[in-house]
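This report refers to the structure that appears directly beneath it.
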Amino acid sequence: MQNILETAIKAGFKEIYKTDIESVEFQATRKDFEGDITIVVFAFLRFVKGNPVEIGTQIGEYLKENVDEVSDFNVVKGFLNLVISDSYFVSNFNTIKNTKEFGFSSPKANEKAVMVEYSSPNTNKPLHLGHIRNNLLGYSVAEIMKASGKKVYKTQIINDRGIHICKSMLAWQRFGNGETPESTGLKGDKLVGNYYVAFDKAYKKEIAQLIAEGKTEEEAKKQAPILLEAQQMLLKWEAGDEAVVKLWKTMNQWVYEGFDQTYKELGVDFDKNYYESNTYLLGKDVVADGLKKGVFYKKEDGSVWIDLTDEGLDEKIVLRSDGTAVYMTQDIGTAIERFKDFDLDELVYTVGNEQDYHFKVLFLILEKLGFDWAKNLYHLSYGMVDLPSGKMKSREGTVVDADDLMIEMTNTAREISQELGKLEGYKIEEREELYKTIGLGALKYYILKVDPKKRILFDPEESVDFAGNTGPFIQYTYARIQSILRKADFDYSIEITDIELHSKEKELMKQVLLFPETIQSAANNHSPALIANYTYELVKLYNSFYQTVPILGCEDLNEKIFRTQLSSKVSEIIKSAFKLLGINVPSRM
RNA sequence: GGUGGCAUAGCUCAGCUGGAUAGAGCACCUGCCUUCUAAGCAGGCGGUCCUAGGUUCGAAUCCUAGUGCCAUCACCA
């Protein structure tokens, strides 16, 4: 539509004012004015001198005469509001009416893929609310990019080695009495997490003891025997000590089983897992190579650095003086590995904004090393999820556990649903499934509707809403439409062409037609929030339509068919949009 | 201290590349279930868009400075 108008407007200026204009500025007409599309006349004043109202009127008249789709216009101040004909909307609707997965594009042949990394947990403690945001964002962005026409691989790198892992292992050895998930009935990740906390407790105790003996806090922190022992254990692990490796495998396996369960409940998945225990040595040869190229330099003690002061950053270490890899070394190696493993041209890292600096440096290093794909690396940086008491800290037990939270959400959904009592004829299992759908819908929507880069304040005392701009509200609208479609006992597949639109229908259709560009924009911006906001707007318009005009009770058969078709399309879009957010929709609720 | 991010209604958030009287939801108040699901609809109340300058016909949006909160600046990850 905009293209048609732009060409016409340019032609109009040429005819009336004998001038060429560069571009036309469009915007949606505000609700309080009549019209569908608005042209900002002010922008033309650079090319044509005169009164904006006069110019607007002349252009409006020109368009009304020369463009079929423009049925009327009005000018308010410097704004030319155009009324687009009903037939334009109706014919547009008819072309998309039967499109399966309207708004989604399929991947083009031969196009390279995008890899989205998310989750990437440590294997020493259970997943919490912060991981939930990460998982939901990563999963959703991956789905959105798929829908926008990209081939996508989902991945995570599991941080399964290092001193923090040894801490839980050591604590289990000392205090565990051979406990297992089976013997305790605990989820594996929970059990291991308990020992991570136990380590910290014992460690703190030893520190206090040493301080009492006259050491400074700093000395005490470094000399606590339990810490030294954990460090010993790490060395043994790296040396391949049989007993340590065996324990490591056993405990990690417990954690994986626990994680799998959480991921399944949350509804996220991965195409490939990377393990840090396999990748932590990667990148060293790249560093050696970069050293030759002069990208890095060696200090006297043998450590290798990169100087980024020209870019306004600092110097950064890429290899320790003892030749071992740091985090950065691994990330360099892993990135390269991934581009070898898959035919990629883009890699998205879903990692909190506390690591902004790290990724800035990483990308810069890869660019300096000469990888042309380095410019296609993207850090999907999101804000922290904070509690009213501040930051969540696993070691201090101030975390909102992922499993617990999902259960609580389901419980709330159950309470509300039972109170409303609309589920006659539903079996117990069906109901439980539904409570989960609604509870998780509330949680996921609550988190995803917020712009990723903003931090979220989560108050466990105030439960997530189920009314207003929420997941359940949107699910409810979907269920309502399903109810209508179940009751529609007539053939509504025929094409309706000649029809006069109710203003509610027109507004709704305008929103429907925006779905494809919303997906593209959400993909470009890596923002599920755009999908959430779009869907909310769509659903609000639908509910207003639903309560203003009769659908099945409509006298005129054409109207009735058309409104049913429109309802059906809206429900399809709700379902698709929610699929992009990883949220299911119920046929009743 | 250096660097980066954020600041919009009592609370939670929208606000696209600058554009019309700054929009939703929650909360509070008023109506609407003998028509398709009231987890809904219609309406009311509520704002120095952090502050001060600047650019512009026009600034919540762009620039500069300041204030506040958060993050980061380790041979940790």
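Because the structure is predicted, anything quoted here is derived from the model rather than measured. Chain A is the first sequence line, chain B the second, and so forth, proteins listed ahead of strands; every chain is numbered from 1.
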*Phosphate oxygens OP1/OP2 of rA77(B): is one of them under 4.0 Å from a side-chain N or O of Arg320(A)?*
yes

*Please work out whether rC33(B) sits syn or anti, treating a glycosidic angle within 90° of 0 as syn.*
syn

_Could you work out, with salt bridge (Lys or Arg N to Asp or Glu O under 4.0 Å) as the rule, every residue matching Lys510(A), not counting sequence neighbours?_
Asp36(A)

_Separation of the P atoms in rG46(B) and rC13(B), to the nearest angstrom_ = 24 Å

*Ignoring backbone atoms, establish whether Arg480(A) has a side-chain N or O less than 4.0 Å from OP1 or OP2 of rA38(B).*
yes

*Can Glu315(A) and Tyr297(A) be counted as having a side-chain donor-acceptor contact under 3.5 angstrom?*
yes

*asked:* If the cut-off is 4.0 Å, is Lys454(A) near the phosphate of rA7(B), judged by side-chain N/O to OP1 or OP2?
replied: yes

*Using only side-chain N and O atoms of Tyr476(A), determine if any of them is under 4.0 Å from OP1 or OP2 of rA39(B).*
yes

_Distance check, P atoms only: rG23(B) and rG44(B), in whole angstrom units._
12 Å

_Lys/Arg N to Asp/Glu carboxylate O, Glu507(A) vs Lys31(A), below 4.0 Å_ = no

*May I ask you to evaluate whether Ser544(A) reaches the phosphate of rA42(B), defined as a side-chain N or O under 4.0 Å from OP1 or OP2?*
yes

*Would you say rG23(B) has OP1 or OP2 under 4.0 Å from some side-chain N or O of Lys31(A)?*
no

*Using Watson-Crick or G-U wobble geometry with both distances below 3.5 Å, tell me the partner of rA24(B), or none.*
rU12(B)

*asked:* At 4.0 Å (heavy atoms only), tell me whether Thr38(A) reaches a base, stays on the sugar-phosphate, or touches nothing.
replied: base

*OP1 or OP2 of rG23(B) sitting under 4.0 Å from any side-chain N/O of Arg30(A)?*
yes

